[in-house]
Amino acid sequence: MDNVERGRALHGVRVAVPAGDDGHALLWFAYCPNCQATVNADRDFIADCWSCGRPLPKRFNSRMELRVEWVLYEDILLGRHHADECYCNYCGTADPMSNPICSKCKRSKHSTGS
C-alpha cells in the first residue's frame with residue numbers, strides 16, 4: 001500500500017480544488033526529463049511518468065507550485081463543498097469536477113492509479 005492509498009484509507013478520498021486567498025496547500029509539479037510531460041514532483045506519489053512510462057528522478061531540477069485546497073470528494077458529491085473544477089494529481093491539469101477522467105493524461109483524477 002503506497003502513501004496515497006494509506007491516506008485515503010484513513011481520511012477518505014480527497015481532491016485538489018482551487019484554493020481560497022490563503023492557499024491551503026501546495027502541489028508540486030515538474031517536467032519529465034524524458035518526454036517533458038508535466039508530472040507530480042512527489043516521488044512518493046508516482047514513480048513513473050504517465051506519458052512515457054519511464055522512471056522519474058528522485059529529485060527534479062525545478063518545480064512549479066500550484067496552490068490547492070484538499071477537499072473530501074464525498075463532500076463535493078453531497079453538496080457540502082462547492083467546486084467547479086479539480087486538479088489531476090498526476091499531471092496538474094484542471095478539469096471540470098463532473099469529468100472523472102483527466103483530459104490530458106486520461107487517468108482517473110479520483111483514484112490512486114498504477
Applying side chain to side chain contact (heavy atoms under 4.5 Å, CB included) between Met97 and each of Val15, Asp84, Leu77, report the one that passes.
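Among Val15, Asp84, Leu77, the one meeting side chain to side chain contact (heavy atoms under 4.5 Å, CB included) with Met97 is Val15.
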
Side chain to side chain contact (heavy atoms under 4.5 Å, CB included) partner of Phe29, the single match among Asp42, Leu66, Val39:
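Between Phe29 and the candidates, side chain to side chain contact (heavy atoms under 4.5 Å, CB included) is satisfied uniquely by Leu66.
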
Indicate the atoms forming the closest heavy-atom contact of [X] with [Y], along with that distance.
{"X": "Cys88", "Y": "Cys91", "value": "SG-N, 3.6 Å"}
{"X": "Tyr87", "Y": "Val17", "value": "CE1-C, 3.9 Å"}
{"X": "Leu27", "Y": "Ala16", "value": "CD1-CB, 3.8 Å"}
{"X": "Pro18", "Y": "Glu85", "value": "CD-O, 3.4 Å"}
{"X": "Ala83", "Y": "Ile76", "value": "CB-CD1, 4.1 Å"}
{"X": "Asn89", "Y": "Trp70", "value": "OD1-CH2, 3.4 Å"}

Non-hydrogen side-chain atoms of Ile101 and Ser108 separated by less than 4.5 Å
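Counting from C-beta outward, Ile101 and Ser108 do come under 4.5 Å.
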
Validation row: Thr38, Tyr31 side chains within 4.5 angstrom (heavy atoms)
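With C-beta onward as the side chain, the pair touches.
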
How long is the straight-line distance from [atom2] of [Y] back to [atom1] of [X], given to the nearest 0.5 Å?
{"X": "Glu69", "Y": "Arg14", "atom1": "CD", "atom2": "CZ", "answer": "10.0 Å"}
{"X": "Cys49", "Y": "Gln36", "atom1": "SG", "atom2": "CD", "answer": "9.5 Å"}
{"X": "Ser51", "Y": "Tyr90", "atom1": "OG", "atom2": "OH", "answer": "15.0 Å"}

Report the C-alpha distance between Thr93 and Ser103 in whole Å, list the side-chain angles of each, state the deciding distance to 0.1 Å, and finish with yes or no for side chain to side chain contact (heavy atoms under 4.5 Å, CB included).
CA-CA 8 Å; Thr93 300; Ser103 63; 3.9 Å; yes

Is the number of heavy atoms from other residues, nucleotides or ligands within 6.0 Å of CZ (Arg59) greater than 12?
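Open: at most 12 neighbouring heavy atoms sit under 6.0 Å from CZ of Arg59.
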
Evaluate whether atom CD of Glu65 has more than 12 neighbouring non-hydrogen atoms of other residues, nucleotides or ligands under 6.0 angstrom away.
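Atom CD in Glu65 is crowded, with more than 12 foreign heavy atoms closer than 6.0 Å.
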
